[in-house]
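One structure is given here, and the rest of the page talks about it.
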Amino acid sequence: MDTEQASKSLVDVQQTSSDSSVVLTEAGHSSDGHSAEVEEEPAHQCKGSSDSSLTPCQHYLMTTRELQMYWKKEKHSSKPDKLLFEIPSTRIAEDFLSKFVIYQIVIIRTGSFDGNKVFIERRYSDFEKLHRTLLKEFKEEMEDVLFPKKVLIGNLTSEMISKRMLGLKNYLDELYAIKCVRWSKIYIDFFLDPELDEGYSCLRGGQYKKAMEIFQQIVCLQEKLTQHCSILMVPPLCALVVCHKDLDNLEKAYDVGMNALTLVEKHPGHKYYTPLLDTLISLAYKLGKDFLSLREKFERGKNRMMKGHEIEMVTLKELAVKERHP
């Protein structure tokens with residue numbers, strides 16, 4: 001009798017197990033054969049990653065090292081570079097007529113580590129001029145952009161300055177969000193023009209150390225602002241070459257010059273192409289580096305420019321000091 005009961009119990013257990021399997025199999029389906037809401041959804045797909053179709057189940061099948069590499073790739077692939085603007089401080093300045101506030105603007109590139117958090121200083125009138133000029137070109141695109149209103153009385157109070165700092169910061173963020181605006185010459189000139197004028201003025205005056213510091217800041221700004229048109233970096237880089245060369249920093253002049261060459265080589269008809277090569281040949285010779293390949297490029301570039309015409313060759317320094325000359 002005990003044997004018969006044991007056999008019956010075993011059959012009951014097997015039947016129960018079998019029925020449970022059917023229930024588990026069909027739990028994700030409704031009676032009409034369509035998937036029910038309990039069906040597991042795929043993992044969230046991260047933009048820019050070829051592995052982003054992995055499901056949570058597949059994550060569990062990875063080794064610790066594979067999982068670390070996967071999330072490292074996700075971290076870098078899903079965060080494109082963009083700019084953030086901060087106005088952390090101000091100072092009161094004075095001219096012959098009145099006092100005014102100067103705002104410090106810090107420009108930070110996100111998406112990767114930014115070790116060059118450069119800053120510039122601008123007055124409210126500079127922002128106002130930028131806004132008026134942009135409206136002439138992009139009135140429709142900027143219809144929702146808010147610009148802080150001008151205040152004639154009480155504009156130097158700490159409360160008003162704090163309010164305007166936030167307003168101008170938001171204004172720069174809104175402008176940057178509009179692609180055609182942030183790629184425009186008007187927008188880029190706002191961040192670079194005063195520094196470029198000062199840098200070239202120092203260069204013409206023989207103040208090479210001060211000019212070098214200014215052009216280094218300009219290049220850092222351009223790396224953030226002009227990624228869509230890197231050829232714009234060539235003149236300031238060449239000015240840096242001239243500064244380093246005249247300060248006898250030959251190795252540094254060569255390195256900066258080679259960086260400029262990688263940009264201008266795509267445009268062999270550019271006015272800086274052959275003067276830059278000529279300077280690099282001289283630097284490479286003095287430093288014991290390969291100058292023959294540079295000379296070949298120089299000859300090809302010179303022949304391309306001449307094309308049967310007599311052309312006066314200018315040095316890199318002569319070309320640089322003529323930039324932005326009044």
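- Between the CG atom of Leu316 and the OG atom of Ser282 there is a distance of 11.0 Å, given to the nearest 0.5 Å.
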Exercise for review: Given side chain to side chain contact (heavy atoms under 4.5 Å, CB included), test Tyr254 with Leu280 step by step and report yes or no.
Suggested key: CA-CA 6 Å; Tyr254 177 82; Leu280 284 172; 4.0 Å; yes
Point to revise | Worked verdict on Phe127 versus Phe190 for ring-ring contact (aromatic ring centres under 6.0 Å, His included) | key: CA-CA 8 Å; Phe127 284 94; Phe190 169 79; 5.2 Å; yes
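- If you take CG on Asp255 and CG on Leu250, they are separated by 11.0 Å, rounding to the nearest 0.5 Å.
- Here the CD1-CD distance, from Ile218 to Glu213, works out to 12.0 Å after rounding to the nearest 0.5 Å.
- Although no hydrogens or angles enter the test, the distance criterion places no donor-acceptor pair under 3.5 Å between the side chain of Lys224 and the main chain of Ile108.
- Judged purely by atom type and a 3.5 angstrom limit, Ser201 has no side-chain atom pairing as donor or acceptor with the backbone of Glu198.
- Both tests pass for Arg164 against the ring of Tyr124: distance under 6.0 Å to the centre and angle within 45° of the axis.
- Using a 4.5 Å cut-off on side-chain heavy atoms (C-beta onward), Arg109 and Gln227 make contact.
- The neighbour count for Lys245 NZ, taken as heavy atoms of other residues, nucleotides or ligands under 6.0 Å away, does not exceed 12.
- Side-chain atoms of Tyr171 and Leu146, non-hydrogen and from C-beta on, never get closer than 4.5 Å to each other.
- In this structure a side-chain-to-backbone donor-acceptor pair under 3.5 Å is present from Arg204 to Val321.
- Looking at every heavy atom in both residues, Phe215 comes nearest to Cys243 through CD1-SG, 4.4 Å.
- In this structure, the side chains of Leu237 and Val264 stay at 4.5 Å or more apart for every pair of heavy atoms.
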Review point. Between Tyr208 and Leu203, does a side chain to side chain contact (heavy atoms under 4.5 Å, CB included) hold up when you go through it step by step?
Key: CA-CA 6 Å; Tyr208 300 118; Leu203 184 62; 3.9 Å; yes
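- Here the side chains of Leu172 and Tyr176 are not in contact, with every heavy-atom distance at 4.5 Å or above.
- Residues Tyr272 and Ala320 share a closest heavy-atom pair of OH-CA, 3.9 Å.
- A salt bridge links Glu195 with Arg122: the closest approach of a Lys/Arg side-chain nitrogen to an acidic carboxylate oxygen falls below 4.0 angstrom.
- Residue Ser125 holds its OG atom at 11.5 Å from CG of Leu130, rounded to the nearest 0.5 Å.
- When the salt bridge (Lys or Arg N to Asp or Glu O under 4.0 Å) test is applied to Arg324, the partners found at least two apart in sequence or on another chain are Asp193, Asp197.
- Between Ile188 and Thr226, the closest side-chain pair of non-hydrogen atoms falls below 4.5 Å.
- Put simply, the side chain of Gln222 gets close to the backbone of Leu232: a donor and an acceptor are under 3.5 Å apart.
- In this structure, the side chains of Ile92 and Phe100 stay at 4.5 Å or more apart for every pair of heavy atoms.
- Nearest heavy atoms, Ile87 versus Met165: O-CE, 2.9 Å.
- Crowding of Ile153 atom CD1: a count of heavy atoms from other residues, nucleotides or ligands under 6.0 Å not exceeding 12.
- The CD atom of Glu296 sits 11.0 Å away from the CZ atom of Phe291 when rounded to the nearest 0.5 Å.
- At distances below 3.5 Å, not a single donor-acceptor pair connects side-chain atoms of Gln104 with backbone N or O atoms of Glu86.
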Practice item. Please lay out, stage by stage, how Lys185 and Glu137 fare under the test salt bridge (Lys or Arg N to Asp or Glu O under 4.0 Å). Key: CA-CA 11 Å; Lys185 184 178 185 299; Glu137 297 289 331; over 6 Å; no
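- The minimum heavy-atom distance between Ala260 and Val234, with the atom names listed, is O-CG2, 4.2 Å.
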Exercise for review: Determine, stepwise, if the pair Thr279 / Val242 fulfils side chain to side chain contact (heavy atoms under 4.5 Å, CB included).
Suggested key: CA-CA 9 Å; Thr279 299; Val242 172; over 6 Å; no
Check your understanding: side chain to side chain contact (heavy atoms under 4.5 Å, CB included) between Glu174 and Ile178: does it pass, once the steps are laid out?
Key -> CA-CA 7 Å; Glu174 288 185 55; Ile178 307 171; 6.0 Å; no
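- The environment of Glu94 atom CD is dense: over 12 non-hydrogen atoms of other residues, nucleotides or ligands sit within 6.0 angstrom.
- Side-chain contact between Ile214 and Cys202 is present, with heavy atoms from C-beta onward closer than 4.5 Å.
- Contact record, Gly199 with Ala211: O-CB, 3.8 Å, taken as the closest heavy-atom pair.
- In this structure, Arg182 forms no cation-pi arrangement with Tyr187, as its terminal cationic atom is not both closer than 6.0 Å to the ring centre and no more than 45° off the ring axis.
- For the atom pair CD1 (Ile107) and CG (Leu221), the distance works out to 5.0 Å, reported to the nearest 0.5 Å.
- A donor-acceptor pair is defined here as one N or O able to donate and one able to accept, closer than 3.5 Å; no such pair exists between the side chain of Asp189 and the backbone of Ile186.
- Side-chain contact check for Asn155 versus Val101: every heavy-atom pair is 4.5 Å or farther apart.
- The backbone N or O of Asn259 lies less than 3.5 Å from a partner atom in the side chain of Thr262, making a donor-acceptor pair.
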